[in-house]
Colleague: 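What follows is a structure written as structure tokens; I'll ask about it next.
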2 protein chains.
Amino acid sequence: MTYTLAEEDYLKAIYKIAERHGTPVSTSAISELMQTRPASVTDMLKKLADKELIDYKRYHGVSLTRTGARQATLLIRKHRLWECFLVEKLGFNWDEVHVIAEQLEHIQSDTLIDRLDDYLDNPKFDPHGDPIPDASGAYRMRYQILLSDLGLHQRAVLVGVREHTSSFLQYLDQNHLALGATLEVVEVLPYDGSVRLRLSDGEPFLISGQVARQLFVRQITEAT
Amino acid sequence: MTYTLAEEDYLKAIYKIAERHGTPVSTSAISELMQTRPASVTDMLKKLADKELIDYKRYHGVSLTRTGARQATLLIRKHRLWECFLVEKLGFNWDEVHVIAEQLEHIQSDTLIDRLDDYLDNPKFDPHGDPIPDASGAYRMRYQILLSDLGLHQRAVLVGVREHTSSFLQYLDQNHLALGATLEVVEVLPYDGSVRLRLSDGEPFLISGQVARQLFVRQITEAT
DNA sequence: GGTAGAATTTAGACGGGGCTAAAGTACAAA
DNA sequence: TTTGTACTTTAGCCCCGTCTAAATTCTACC
């Protein structure tokens, strides 16, 4: 089965919201993420329900059916593989790829995506650290906690970002916060959750609690 | 300026027809190439004329304006670069790439296409031998004549194909007629224009006049 | 020069996907 | 239990790109 561009966008939106905030997914949440009016969302939900891609009960939100989730996962696979391609082969920076990948993910060709996967050596994570589903839709969850949950003097590796906006990623670049970077919490300011960090070989600097809550890290267990 | 998918498809169609059959381009020719009804074509022509992408006089066909031609050339550039990518990097056969490239050519990002161009080492011809316009829209015409116009005992190199259908390209593959192949005309059957060919190291075989008229060759000037 | 037949355009409709305005529903607080 | 408020849906509209049926224009032939 093949779906329209708009249908695919909705499926992906529902999947993402469900992933973060659980199910059922509300009309307004979709409306906000997709920058459309709630009334338009309701219209589309009816269509998706007719096609059995979502379970929908009026006034009570939606969740993806098995088929819907399958399709959403496939889209995410495509999106993330294209992001890898753009960064690793074409030399884009990680803050530039999202918009382009949003277009590329709609290209219809299973062969294409499988070959792209092979061409990239079957990467398991995209340039933002997000896991890439395999052709069957399965993927490993990344082990992660929020940087904001780290305690004083704990060390950790940056493994992912919650925000994918250009401005946020550029901010990280300016502070040399790249995926894989090792960092240590040297101070936590209790009032607003700001955190002072030190990277492996640099001066300590401050990031806001706002930022700290957008960064996923894997804690380093001290083998002292 | 950015155009819709349908608008881009029409521009490309008009460009292609004008290239083969000259200008003005008729409604019915577009209708046939695009597999839509003439009435639909007329509707779209009005829109394209409003946007000054074509010159359109009712009942008298259309031709591209400077802007329209520029846009069409850009689409062709994108299409052909993606075809190169699919064949050279992802290992597709030349008969498989057209459909996928038709989708990829609509991806909107100038940076993307310029980087792809560099990544492929700025190819001048696509897998079917068609020239690839540069970022400014300029391209070299390939020197070519039709195989059907070769005389007896003349030798030539296959440089392009007129048909891009899968079945035609597969037929060529089966007969080892690849781009760059050197061939010699060993017999011409006057009745229907069939041609008996010999490739560099093979047995002579027959191709129909129909096929001979779909193949572009560059004649080899004998330096005897 | 008139006219038949082909090509083209106009008129009117439809489905997809979006919007606004108005109405209906759910739920928390009184 | 009632009610205010936020959320959601319905009704009705619009634009895009397509279609069919009918009208118009072009053109080639008599």
Side-chain angles (χ1 to χ4, degrees), chain A residues 1-14 17-18 20-64 68 71-72 75 102-103 105-106 108, chain B residues 1-14 17-18 20-64 68 71-72 75 102-103 105-106 108:
Chain A
M1 199 52 62
T2 177
Y3 307 102
T4 69
L5 230 132
E7 285 168 348
E8 292 193 338
D9 285 339
Y10 274 96
L11 288 177
K12 225 183 68 168
I14 295 167
I17 297 165
R20 276 162 196 63
H21 306 290
T23 202
V25 171
S26 73
T27 299
S28 53
I30 300 169
S31 156
E32 193 194 336
L33 183 58
M34 302 215 27
Q35 302 280 27
T36 58
R37 292 329 193 83
S40 310
V41 175
T42 300
D43 287 345
M44 181 58 84
L45 294 186
K46 282 187 224 154
K47 291 170 198 165
L48 294 176
D50 286 348
K51 303 194 177 183
E52 303 194 329
L53 294 166
I54 58 172
D55 289 319
Y56 173 47
K57 234 186 104 187
R58 268 159 66 261
Y59 292 104
H60 292 281
V62 299
S63 57
L64 293 172
Q71 191 58 28
L75 283 165
E102 294 236 292
Q103 298 180 65
E105 75 192 5
H106 296 293
Q108 310 269 350
Chain B
M1 199 51 63
T2 178
Y3 306 103
T4 68
L5 229 132
E7 285 168 349
E8 293 193 338
D9 285 338
Y10 275 95
L11 288 176
K12 226 184 66 168
I14 295 167
I17 297 166
R20 274 162 197 61
H21 307 291
T23 198
V25 171
S26 73
T27 299
S28 52
I30 301 170
S31 155
E32 193 194 335
L33 183 59
M34 302 218 24
Q35 303 280 25
T36 57
R37 294 328 197 91
S40 311
V41 174
T42 301
D43 287 344
M44 181 56 84
L45 294 185
K46 280 187 225 155
K47 290 171 199 164
L48 293 177
D50 285 347
K51 301 192 179 185
E52 303 194 329
L53 294 166
I54 59 173
D55 289 319
Y56 173 45
K57 233 185 105 189
R58 269 156 67 259
Y59 294 101
H60 292 282
V62 299
S63 58
L64 293 171
Q71 191 59 28
L75 283 165
E102 294 237 291
Q103 298 179 62
E105 75 193 5
H106 295 293
Q108 311 268 353

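All values below were derived from every heavy atom in this structure, side-chain atoms included, with hydrogens, water molecules and symmetry-related copies excluded. To find a chain, count down the sequence lines: A is the first, B the second, and so on, and within it residues start at 1.
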Colleague: Whole-Å distance between C/dA11 C1' and B/D43 CG?
Modeller: 10 Å

Colleague: Determine whether A/L53 and A/Y3 satisfy the following criterion, side-chain contact (heavy atoms from CB on, under 4.5 Å), listing intermediate values before the conclusion.
Modeller: CA-CA 11 Å; A/L53 294 166; A/Y3 307 102; 3.6 Å; yes

Colleague: What is the separation between atom NZ on A/K57 and atom P on D/dT9, rounded to the nearest whole Å?
Modeller: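 Roughly 12 Å, once rounded to whole Å.
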
Colleague: To the nearest Å, give me how far apart CD (A/E8) and P (C/dG17) are.
Modeller: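 Roughly 11 Å, once rounded to whole Å.
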
Colleague: Where the side chain of A/T4 is defined as all heavy atoms beyond and including C-beta, which of C/dG16, C/dC19, D/dT18 is the nearest nucleotide?
Modeller: C/dG16

Colleague: Check whether any side-chain nitrogen or oxygen of B/T27 sits under 4.0 Å from OP1 or OP2 of C/dT9, and answer yes or no.
Modeller: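 Indeed, a polar side-chain atom of B/T27 lies that close.
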
Colleague: Starting at atom OH of B/Y59, determine the distance to atom C1' of D/dA28, rounded to an integer number of angstrom.
Modeller: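 Distance check: B/Y59 OH to D/dA28 C1' gives 18 Å.
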
Colleague: Check the phosphate of C/dT9 against B/Y56, side-chain N and O only, distance under 4.0 Å to OP1 or OP2. Yes or no?
Modeller: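 It does, given that an N or O in the side chain of B/Y56 lies less than 4.0 Å from OP1 or OP2 of C/dT9.
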
Colleague: Between A/Q71 and A/L11, what is the shortest heavy-atom contact and its length?
Modeller: CG-CD1, 3.7 Å

Colleague: Select base, sugar-phosphate, or nothing to describe what A/A6 touches, counting heavy atoms under 4.0 Å on all strands.
Modeller: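 Sugar-phosphate contact only.
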
Colleague: Using OP1 and OP2 only, check whether a side-chain N or O of A/K46 sits under 4.0 Å from D/dT10.
Modeller: yes

Colleague: In whole angstroms, how far is the C1' atom of C/dG17 from the CG atom of A/L5?
Modeller: 11 Å

Colleague: For the OH atom of A/Y56 and the OG1 atom of A/T27, what is their distance to the nearest 0.5 Å?
Modeller: 5.5 Å

Colleague: State, to 0.1 Å, how close B/I14 and B/V25 come at their nearest heavy-atom pair, and which atoms those are.
Modeller: O-CG2, 3.9 Å

Colleague: Using heavy atoms to find the nearest nucleotide of DNA chain C for B/L45 and A/R37 separately, return the residue whose nucleotide is more 5′.
Modeller: B/L45

Colleague: A/M44 CE to C/dG15 C1': how many Å, rounded?
Modeller: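 Result: 12 Å.
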
Colleague: Can a side chain N or O of A/H60 be found less than 4.0 Å away from OP1 or OP2 on C/dA26?
Modeller: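 The answer is yes; a side-chain N or O of A/H60 sits under 4.0 Å from OP1 or OP2.
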
Colleague: Any idea which of D/dG17, C/dT10, D/dC7 is nearest the B/A39 side chain?
Modeller: C/dT10

Colleague: Could you tell me how far apart A/I30 (CD1) and C/dG17 (P) are, to the nearest whole angstrom?
Modeller: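 Rounded to the whole Å, the gap is 15 Å.
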
Colleague: Taking only N and O in the side chain of B/R58, is any of them less than 4.0 Å away from OP1 or OP2 of D/dT24?
Modeller: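 So the side-chain polar atoms of B/R58 never come under 4.0 Å of the phosphate oxygens OP1 or OP2 of D/dT24.
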
Colleague: Which part of the nucleic acid does B/S40 contact within heavy-atom distance under 4.0 Å: base, sugar-phosphate only, or nothing?
Modeller: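 Answer is base: heavy atoms of B/S40 come under 4.0 Å of a base.
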
Colleague: Roughly, in whole Å, what's the span from CD in A/E7 to C1' in C/dG18?
Modeller: 14 Å

Colleague: With a 4.0 Å cut-off on heavy atoms, is B/T42 in touch with a base, just the backbone sugar-phosphate, or nothing at all?
Modeller: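 Since a base atom lies under 4.0 Å of B/T42, the category is base.
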
Colleague: State, with a plain yes or no, whether a side-chain heavy atom of B/Q108 is found less than 4.5 Å away from one of B/E8.
Modeller: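 Yes, close enough: below the 4.5 Å cut-off.
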
Colleague: Look at B/Y10 and D/dT18 and indicate whether a side-chain polar atom (N or O) is within less than 4.0 Å of OP1 or OP2.
Modeller: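 True: B/Y10 side-chain N/O within range (under 4.0 Å) of D/dT18 OP1/OP2.
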
